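Okay, so here's the structure we're looking at.
Counting begins at 1 with the first residue of the sequence. In this text, all values refer to a predicted model and were calculated from it rather than measured experimentally.
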Amino acid sequence: MIQYAELAFDLPILEDTFTYEVPPGTQVGMRVETKLRGRKEEGIVLSLHHNEPSYEVLQVDRVIDKTPVINEEQIELAYWVKEQYLASLGECIHKMIPSGRRHSKVKLNENITASEPFKLNEEQERAYQNIKSDFGKDSIHLLFGITGSGKTEVYLHLIRDILENSNKGVLLLVPEIGLTYHIIRKLEAVFPGQIALLHSALKVSERFKAYTDLLQGKKRIAVGTRSAVFAPITNLGLVIIDEEHDGSFKEHSTPRYHARQVALQRCRQNKAVLVLGSATPSLEVYHLAKTGKIGLQILTKRPGTAKPPTVRIEENKKDARLIGSELTFAIKQRLDKKEQVILLLNRRGYSPLIYSEKEKNYIPCPNCTSHLCYHKKGTVICHLCGFSDSLQRLESKLGEKLIMMGTGTQKLEEFLLETFPGAKVERLDQDSIQDKSVLTDVIGRLVDGEIDILTGTQMISKGLDAARVTLVGVLNAGIGLGLPDFRAGERVFSLLTQVAGRAGRSDLAGEVLIETNTVDHPIIRMALDQDYIRFYDSEIKTREELFYPPFSRLVRILSRSKDESLSLKTIEEVHQVLKKYLPEPNTVVLGPAPCPFYKIDANFRNHILIKTTVQNKWREILKKEIRPLKISKNVYLELDFDPLDLV
């Protein structure tokens, strides 16, 4: 009897599946290669049957896999993701299967000494017991602890409990594998041979090996970044999202999922516990905890003799050097004591602005609504679209000598090498880690005490745990406060609080020096006091007044096209459809309007923002009315549910 399969393809199409004839032995969850609309495509078998269609059916060209690469739970989850984010079923399924781009040294360390988790202090023990009492139920807990309060130790005890007392598996999500060096090392030591690392910096073969070990039940702990939320863990019992506030948990391509929402759905499917850990939780999550909708476990002190760092502020002087005198003196003191320093400057490149005397203006990117940045070795680069040119060519074209203005991380690194000639200085930003293995190598050397000063952008604020770092300096702390995005203040507060938490994580006293020209800005003052509760209390009032999350859910519809009039025409068409459903008492629609960054990579961008308490209602409207719209192939329409970025 002829066997037929329903195949899903990684394409933005409305049809869920297509019927093909497959050879005997084909199983659900295998990938096949075949033709679709005249092109060779990769499909995944979602179901098998013997119902002969009334039309001619193609045979698949070949079956790629010997065994299935996805399981039934993942298929069920893909249907949920499709409905939640209005993507195609094939796009959702293919997000779950490993893909890799480059080789990385982020591997499990075979030589690590086996150990037990540390004994918990009273606060940690209480949090552990409260969360553990919910094992076997689909429940959510926020583990809200100041930086360095030992959240990782609570994770380790919870994981050990699940592994020893059940046959369930564990998923741990982290924002960036390379920056969670200490967590990986502790996990390896406590659970040797049980961890599968999943992240895109691994070779495809390495990632597939880890993935299939989970699929076949050989390993029970998956550790990875955002996409690891789809890992094929057998009988999931516990999901932990470390640094849950981090924006990297939101996907920016279709399906535009948030790992926290997918994790919650998996916990519902499996009756598993979801633990969200952070020193600066997202306002939405803290609001849920404060109003009793999810569990709240609080850690207020650092374990052992470690104390939170002292935090001071220094005003940027117009005539000052690159680094203020107080911070320069503090760095020298730490270096003399053989201690380590972290300096955060959230600006890449050498000089972030290039000024033209002739035009009396900063030089813009030809493709974007942004300015060009000067990088060492004579190049000018746009950080939005990647456009680059040589400074020499730009100057000869404009017929003038351009003026470099401002300071980026490259200039800071150069200054540090000149000012502290004996110090070992390293820089971490998007430019220095084109190869992800560099990131792991630098973090490893920092932890091992081989680096005196680490400087970089926001990536160095995440998760670093180096015992000899006693001074953290923040330069131009107000960067980001002026962005036209209601979350701008939350991001800056979180960044400053998180980076401050890298200091004094052992017996050595820590100090944080914040340099800014906005010393009286309330966000800076609250970060100075490390006072999340005061920040939440002030921010939540504004959110309620302006009907932003957590008091509403957002939907963003964005049109982009290289044809300016086409982008505008499309977003106006969408608005005409939406107007049929307005006014709606629980909804505010803003726009259509140009995006704050109106042009990126030569694409003109316009958007509509829906603020609503009935997101599901609007999801249905978009599904029935907007997705089927016949729009030009020269325009791309994004539907983004619960967007984190509005610029």
- prompt: Does CD in Gln333 sit with more than 12 non-hydrogen atoms of other residues, nucleotides or ligands closer than 6.0 Å?
  reply: yes
task: Would you mind reporting whether Ser432 and Gln410 have side-chain heavy atoms less than 4.5 Å apart?
output: no
task: State, with a plain yes or no, whether a side-chain heavy atom of Val474 is found less than 4.5 Å away from one of Val499.
output: yes
Show which side-chain atoms of residues 365-373 pair as donor or acceptor with protein atoms under 3.5 Å away, not counting sequence neighbours.
unit_1: Thr369; atom_1: OG1; unit_2: Tyr598; atom_2: N; d: 3.3
unit_1: Thr369; atom_1: OG1; unit_2: Lys599; atom_2: N; d: 2.8

message: Tell me every residue that passes side-chain hydrogen bond (donor to acceptor under 3.5 Å, both in side chains) with Tyr155, counting only those two or more places apart in sequence or in another chain.
response: Asp242
message: Taking the basic N atoms (NZ, or NE/NH1/NH2) and the acidic carboxylate oxygens, is any pair closer than 4.0 Å for Arg427 and Asp429?
response: yes
message: Can you confirm whether the side chains of Asn476 and Asn316 place a donor and an acceptor under 3.5 Å from each other?
response: yes
message: Does any part of the side chain of Val190, heavy atoms only, come nearer than 4.5 Å to the side chain of Glu116, both counted from C-beta?
response: no
Separation of Leu402 CG from Leu353 CG (nearest 0.5 Å): 12.0 Å
message: Could you check whether any side-chain heavy atom of Ile381 comes within less than 4.5 Å of a side-chain heavy atom of Phe387, counting everything from C-beta outward?
response: no
query: Got a sec, which residues hit side-chain hydrogen bond (donor to acceptor under 3.5 Å, both in side chains) with Lys411, two or more places apart in sequence or on another chain?
result: none
query: For the side chain of Gln340 and the backbone of Leu446, is there at least one donor-acceptor N/O pair under 3.5 Å apart?
result: yes
- request: May I ask you to test the Phe415-Ile323 pair for a side-chain heavy-atom distance under 4.5 Å?
  value: yes
message: Can a side-chain donor-acceptor contact be found between Ser356 and Glu400 if the only test is distance below 3.5 angstrom?
response: yes
task: Find the distance between OG1 (Thr455) and CG (Leu344) and round it off to the nearest 0.5 Å.
output: 7.5 Å
task: Identify the two heavy atoms, one from Ala477 and one from Ile514, that lie closest to each other, and give their separation to 0.1 Å.
output: CB-CG2, 3.4 Å
task: Quick one: list whatever passes side-chain contact (heavy atoms from CB on, under 4.5 Å) with Pro421, sequence neighbours left out.
output: none
task: Quick one: which residue pairs count as a salt bridge (charged side-chain N to carboxylate O under 4.0 Å, His left out) with a foot in residues 382-392, not counting sequence neighbours?
output: Asp389-Arg393
statement: Residues passing the side-chain contact (heavy atoms from CB on, under 4.5 Å) test with Ala503, sequence neighbours excluded, are Pro309, Val472, Val512
query: When the ring centroid of Tyr350 is compared with that of His375, is the distance short of 6.0 Å?
result: no
query: Can you check whether Arg487 reaches Leu646 side chain to side chain, under 4.5 Å on heavy atoms?
result: no
- prompt: Heavy-atom distance under 4.5 Å between the side chains of His258 and Asp642, does that happen here?
  reply: no
Donor-acceptor side-chain pairing of Thr300 and Glu123 below 3.5 angstrom: yes
Exercise answer: donor-acceptor pairs, residues 523-530 side-chain atoms, under 3.5 Å, sequence neighbours excluded:
unit_1: Arg525; atom_1: NH1; unit_2: Val519; atom_2: O; d: 3.1
unit_1: Asp529; atom_1: OD2; unit_2: Arg534; atom_2: NH2; d: 2.7
unit_1: Gln530; atom_1: NE2; unit_2: Ala527; atom_2: O; d: 3.0

task: Would you give the length of the straight line joining atom CD1 of Ile177 to atom CD1 of Ile443, rounded to the nearest 0.5 angstrom?
output: 13.0 Å
message: Glu153: which residues meet the side-chain contact (heavy atoms from CB on, under 4.5 Å) condition with it, sequence neighbours left out?
response: Pro117, Phe118, Leu120, Gln124, Leu156, Lys186
- prompt: Got a donor-acceptor contact below 3.5 angstrom from the Arg502 side chain to the Ser461 backbone?
  reply: yes
field: Short side-chain to backbone donor-acceptor contact, Lys358 and Leu398, under 3.5 Å
entry: yes
Flag side-chain contact, heavy atom, 4.5 Å: Leu274 against His141: no
statement: So the ring-ring contact (aromatic ring centres under 6.0 Å, His included) pairs with at least one residue in residues 494-538 (sequence neighbours excluded) are Phe144-Tyr532, Tyr286-Tyr532, Tyr286-Tyr536, Phe493-Phe535
query: Got a sec, which residues hit side-chain hydrogen bond (donor to acceptor under 3.5 Å, both in side chains) with Asp507, two or more places apart in sequence or on another chain?
result: Thr305
- prompt: Atom CD1 of Ile433 and atom CG of Leu428: how far apart are they, to the nearest 0.5 Å?
  reply: 7.0 Å
message: Taking Asp537 first and then Lys541, would you say they form a salt bridge - that is, a charged N and a carboxylate O separated by under 4.0 Å?
response: no
- line: Applying side-chain hydrogen bond (donor to acceptor under 3.5 Å, both in side chains) to Glu357 and not counting sequence neighbours gives Lys360
Greater than 12 external heavy atoms within 6.0 Å of Lys250's NZ: yes
message: We want to know whether Thr328 and Glu326 form a side-chain donor-acceptor pair, criterion being a heavy-atom distance below 3.5 angstrom.
response: no
- prompt: In terms of side-chain geometry, is the basic nitrogen of Glu511 or Arg334 positioned less than 4.0 Å from the acidic oxygen of its partner?
  reply: yes
task: Please name all residues satisfying side-chain contact (heavy atoms from CB on, under 4.5 Å) with Ser282, sequence neighbours left out, ordered by chain then number.
output: Glu244, Arg260, Glu284, Val285, Glu490
